[in-house]
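All values derive from a computational prediction rather than experimental measurement.
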Amino acid sequence: MINIATVHWQTAKWIDAQLHYLSRAIDVPYRIFASLNGIDDPDLWQRFHFAADLQGGHASKLNELADVIAQSSDRDDTLIFLDGDAFPVQPLSRWLDDTLRNVKLAAIRRDENLGDCQPHPSFCATTVGFWQDIEGDWRPGGTWINSAGREVADTGGNLLYKLRQNNVEWLPLLRTNTHNPHPVWFGVYDHRI
């Protein structure tokens with residue numbers, strides 16, 4: 001089973017697009033768990049396996065969704081974190097199987113954002129069991145020096161620290177845009193997300 005955790009904040013603008021592209025990209029059973037903050041349309045809530053108006057920041061919501069997913073999942077089930085305005089543009093099912101057979105975690109890494117080196121929750125794939133084993137955590141923590149020479153901490157910093165602490169190599173998915181309307185926004189990663 002593929003389990004997807006997503007956060008939509010104050011707008012339903014991206015829900016239809018995200019659900020459409022997920023249905024095109026995944027050809028095996030999957031469930032979507034969502035934090036729908038400030039979205040009061042009950043018809044939209046019904047489109048998710050689980051939906052709630054979770055409190056706290058983005059990282060806390062993702063962590064809580066991962067906990068909810070773990071309660072009804074097997075350890076080998078796939079766990080995907082996906083930003084509300086992100087979606088796959090290529091098939092995922094076989095790629096996920098092949099990738100997670102070779103690495104414990106694959107995630108977007110936004111090198112173009114002043115050299116961010118941490119896994120980014122706009123897309124991250126792992127298994128429920130691995131997330132639990134490392135006590136996965138999206139909160140900022142573990143600092144690094146960015147390409148502007150500043151020490152920074154950001155969402156995914158704790159996850160990067162835990163991966164390094166456990167000597168886990170992960171697969172960074174890098175920006176592969178063939179056209180760049182903006183240096184950071186509108187990214188396509190690994191020709192897939």
Where [X] and [Y] come nearest, the two heavy atoms and their spacing:
{"X": "Asn158", "Y": "Pro140", "result": "ND2-O, 3.6 Å"}
{"X": "Trp45", "Y": "Ala51", "result": "CZ3-O, 3.5 Å"}
{"X": "Asp116", "Y": "Asp154", "result": "OD2-OD2, 4.2 Å"}
{"X": "Leu163", "Y": "Pro119", "result": "CD1-CG, 3.8 Å"}
{"X": "Ala5", "Y": "Leu62", "result": "O-CD2, 4.3 Å"}
{"X": "Thr6", "Y": "Leu82", "result": "OG1-O, 2.8 Å"}

How long is the span from the [atom1] atom in [X] to the [atom2] atom in [Y], to the nearest 0.5 Å?
{"X": "Tyr189", "Y": "Leu174", "atom1": "OH", "atom2": "CG", "answer": "9.0 Å"}
{"X": "Asn3", "Y": "Leu65", "atom1": "CG", "atom2": "CG", "answer": "11.0 Å"}
{"X": "Trp170", "Y": "Phe130", "atom1": "CH2", "atom2": "CZ", "answer": "11.5 Å"}
{"X": "Glu64", "Y": "Ser35", "atom1": "CD", "atom2": "OG", "answer": "8.0 Å"}
{"X": "Cys124", "Y": "Leu79", "atom1": "SG", "atom2": "CG", "answer": "7.5 Å"}
{"X": "Cys117", "Y": "Arg164", "atom1": "SG", "atom2": "CZ", "answer": "5.0 Å"}

Quick check: does any side chain N or O of [X] sit under 3.5 Å from a backbone N or O of [Y], one acting as donor and the other as acceptor?
{"X": "Asp137", "Y": "Arg139", "answer": "yes"}
{"X": "Ser23", "Y": "His20", "answer": "yes"}
{"X": "Asn166", "Y": "Lys162", "answer": "yes"}
{"X": "Gln90", "Y": "Pro88", "answer": "no"}
{"X": "Asn177", "Y": "His179", "answer": "yes"}
{"X": "Asn146", "Y": "Arg150", "answer": "yes"}
{"X": "Arg175", "Y": "Val184", "answer": "yes"}

Pro172: which of Gln118, His120, Arg110, Arg109 passes side chain to side chain contact (heavy atoms under 4.5 Å, CB included): Arg109
Identified side chain to side chain contact (heavy atoms under 4.5 Å, CB included) partner of Ile69 from the options Trp131, Phe50, Phe33: Phe33
Just list the side-chain donor-acceptor pairs under 3.5 Å for residues 101-108, sequence neighbours left out, or say none.
residue : atom : partner : partner atom : Å
Arg101  : NH1  : Asp98   : OD1          : 3.1
Asn102  : ND2  : Asp98   : O            : 2.9

Do [X] and [Y] come close enough that some side-chain heavy atom pair is under 4.5 Å?
{"X": "Ile80", "Y": "Thr126", "result": "no"}
{"X": "Val152", "Y": "Thr143", "result": "no"}
{"X": "Trp9", "Y": "Leu36", "result": "no"}
{"X": "Arg31", "Y": "Ser73", "result": "yes"}
{"X": "Asp77", "Y": "Ile2", "result": "no"}
{"X": "Pro121", "Y": "Thr155", "result": "yes"}
{"X": "Leu100", "Y": "Thr78", "result": "yes"}
{"X": "Arg75", "Y": "Val128", "result": "no"}

Enclosure of [X] [atom1] (heavy-atom neighbours >12, cutoff 6.0 Å):
{"X": "Asp76", "atom1": "CG", "value": "no"}
{"X": "Gln165", "atom1": "CD", "value": "yes"}
{"X": "Tyr161", "atom1": "OH", "value": "no"}

Can you label the angle between the His8 ring and the Phe48 ring as parallel, tilted or perpendicular, going by 30° and 60°?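 It falls in the tilted class, 30° to 60°.
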Ring geometry between Phe186 and His182 (parallel below 30°, tilted from 30 to 60°, perpendicular above 60°): perpendicular
Joint hydrophobic cluster, [X] plus [Y], side-chain heavy atoms closer than 4.5 Å:
{"X": "Leu173", "Y": "Ile4", "value": "yes"}
{"X": "Leu22", "Y": "Ile193", "value": "yes"}
{"X": "Trp138", "Y": "Ile32", "value": "no"}
{"X": "Phe123", "Y": "Leu160", "value": "no"}
{"X": "Leu54", "Y": "Phe81", "value": "yes"}

Between Thr176 and Arg192: side-chain donor-acceptor atoms closer than 3.5 Å: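 Not at all, the side chains of Thr176 and Arg192 share no donor-acceptor pair under 3.5 Å.
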Could you walk me through whether Ser93 and Asp27 pass the side-chain hydrogen bond (donor to acceptor under 3.5 Å, both in side chains) test, one step at a time? CA-CA 6 Å; Ser93 306; Asp27 61 0; 2.8 Å; yes
Pair Asp16-Arg47, side chain to side chain contact (heavy atoms under 4.5 Å, CB included): steps then yes or no: CA-CA 10 Å; Asp16 283 339; Arg47 297 177 71 186; 2.4 Å; yes
Residues Gln132, Thr127; criterion side chain to side chain contact (heavy atoms under 4.5 Å, CB included); working and verdict: CA-CA 9 Å; Gln132 290 177 313; Thr127 62; over 6 Å; no
